[in-house]
Amino acid sequence: GVIYGDANDHRGIGLLTWAKDPADILENVHALLGGKRFSALTPRPGWVMFGRVSGDSVDATVDTLLRSDQRWGVWYPVRNKPEWGSLDETARGAAQREHGKVAKKFTSADKVSYVRLSCHGIDPEDNDHIFGLTAASLTDISLLQEAMRGTSQIANYVEKMGPVFVGRKVWQNPEPAKPESEEAAEEPADEVKEDSPADAPEEAAATEDAPESTEASDENDTAASDES
């Protein structure tokens, strides 16, 4: 999971978590949030986002969420107008290509990454999707959003966006493995004491294994909640 510090509330946090089985969120995450560690926090009504990821994109989604170089996160739900569903394939495809072309300017340059969750039929506000944008710079996320507003898909076929949660990572598990070059740079040099005997055994440095990556299943449910 990931914990964000809320950029719009100095007392608030946002919790992002995922599970192979959505029942785990009810049985484990809800139990955790109802325990002593979170007893001082008050859930913010209307800010829970709950969605699903299709099988082929699960690994990529988890990798994106755990990127150590992209600490900013922006999450929001989207509900389309009914007219979007009645478009023929040609018209819908043209709108999606225009939308994707704008996004590619940011994603291909590795400035912004994004994940899209589907929430049809499982969202209390009847939203269609949940979008998560992550980046090293919050400005890049804002610039992407500004550019997107001019596309026909958003301008003509989006009924509602938001609420929008803006946060910066303060904790995540599993922690990302550090590159070998960084680990080598952090490894302390051997220290030799002048008064130690020449035949003293060298002290072995202990290293800690990097955490294993989260395994993915055919369907993965992700929930993001905001508390203050």
Side-chain angles (χ1 to χ4, degrees), residues 2 4 6-8 14 16-18 47 49-120 122-123 125-169 172 176 214 216 219-224 226:
V2 174
Y4 294 101
D6 189 340
N8 293 303
L16 172 67
T17 187
W18 52 88
W47 285 75
M49 305 177 203
F50 188 73
R52 59 180 174 81
V53 180
S54 58
D56 291 341
S57 60
V58 171
D59 286 330
T61 298
V62 173
D63 289 344
T64 296
L65 298 176
L66 294 178
R67 282 187 58 165
S68 61
D69 60 328
Q70 296 188 340
R71 301 188 66 84
W72 285 101
V74 173
W75 291 86
Y76 57 93
V78 172
R79 181 167 66 240
N80 295 321
K81 292 180 179 180
E83 291 82 355
W84 175 254
S86 63
L87 288 177
D88 59 40
E89 293 184 2
T90 301
R92 184 182 297 187
Q96 290 175 330
R97 284 192 297 273
E98 178 198 18
H99 196 77
K101 186 177 180 180
V102 173
K104 192 174 182 179
K105 295 178 181 178
F106 291 83
T107 58
S108 61
D110 205 26
K111 291 183 177 181
V112 179
S113 299
Y114 77 93
V115 298
R116 185 182 73 168
L117 309 177
S118 297
C119 53
H120 305 91
I122 58 175
D123 182 86
E125 299 294 329
D126 195 31
N127 292 306
D128 296 303
H129 298 285
I130 296 167
F131 286 88
L133 308 177
T134 64
S137 168
L138 183 59
T139 298
D140 286 332
I141 295 178
S142 180
L143 290 172
L144 170 58
Q145 290 286 67
E146 181 182 7
M148 287 290 197
R149 298 297 169 92
T151 64
S152 61
Q153 184 174 352
I154 291 182
N156 299 324
Y157 299 107
V158 169
E159 181 175 303
K160 177 179 176 291
M161 295 176 65
V164 179
F165 175 82
V166 181
R168 193 171 187 273
K169 288 181 184 178
Q172 73 175 44
T214 305
E219 184 165 289
N220 188 62
D221 286 83
T222 304
D226 183 59

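Residue indices begin at 1 and follow the sequence shown.
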Is there any salt bridge (Lys or Arg N to Asp or Glu O under 4.0 Å) pair reaching into residues 80-91, and which pairs are they, with sequence neighbours excluded?
none
Applying side-chain contact (heavy atoms from CB on, under 4.5 Å) to T61 and W18, what does each step give before you reach the verdict?
CA-CA 10 Å; T61 298; W18 52 88; over 6 Å; no
Tell me, which pairs form a salt bridge (Lys or Arg N to Asp or Glu O under 4.0 Å) where one or both residues lie in residues 96-119, sequence neighbours left out?
R67-D110
Rounded to the nearest 0.5 Å, what separation is found between the CE atom of M161 and the CE atom of M148?
9.5 Å
Residues in side chain to side chain donor-acceptor pair (under 3.5 Å) contact with Q153, at least two apart in sequence or another chain:
none
Backbone N/O of K169 and side chain of R71: donor-acceptor pair under 3.5 Å:
yes
Say whether, by atom type as modelled, one donor and one acceptor occur between the side chain of S118 and the main chain of H120 under 3.5 angstrom.
no
Taken to the nearest 0.5 Å, the spacing of D69 CG from T134 OG1 works out to 8.5 Å
Could you give all pairs that pass the salt bridge (Lys or Arg N to Asp or Glu O under 4.0 Å) test and reach residues 148-162, with sequence neighbours left out?
R79-E159
Residue pairs passing the ring-ring contact (aromatic ring centres under 6.0 Å, His included) test with at least one member in residues 84-114, sequence neighbours excluded, are W84-Y157
With a 4.5 Å cut-off on side-chain heavy atoms, are N80 and V158 touching?
yes
Qualifying salt bridge (Lys or Arg N to Asp or Glu O under 4.0 Å) pairs, either residue in residues 125-134, two or more places apart
none
CD1/I122 to CD1/I130 distance, rounded to the nearest 0.5 angstrom?
7.5 Å
For the CG atom of D6 and the CH2 atom of W47, what is their distance to the nearest 0.5 Å?
7.0 Å
Pair listing, ring-ring contact (aromatic ring centres under 6.0 Å, His included) test, anchored in residues 130-152, at least two apart:
Y76-F131
State whether the side chain of R92 and the backbone N or O of G85 hold a donor-acceptor pair below 3.5 Å, judged by distance alone.
yes
Inter-residue atom distance T64.OG1 - L133.CG, 0.5 Å rounding:
11.0 Å
So, using side-chain contact (heavy atoms from CB on, under 4.5 Å) as the criterion, who are the partners of A7 when residues are at least two apart?
W72, V166
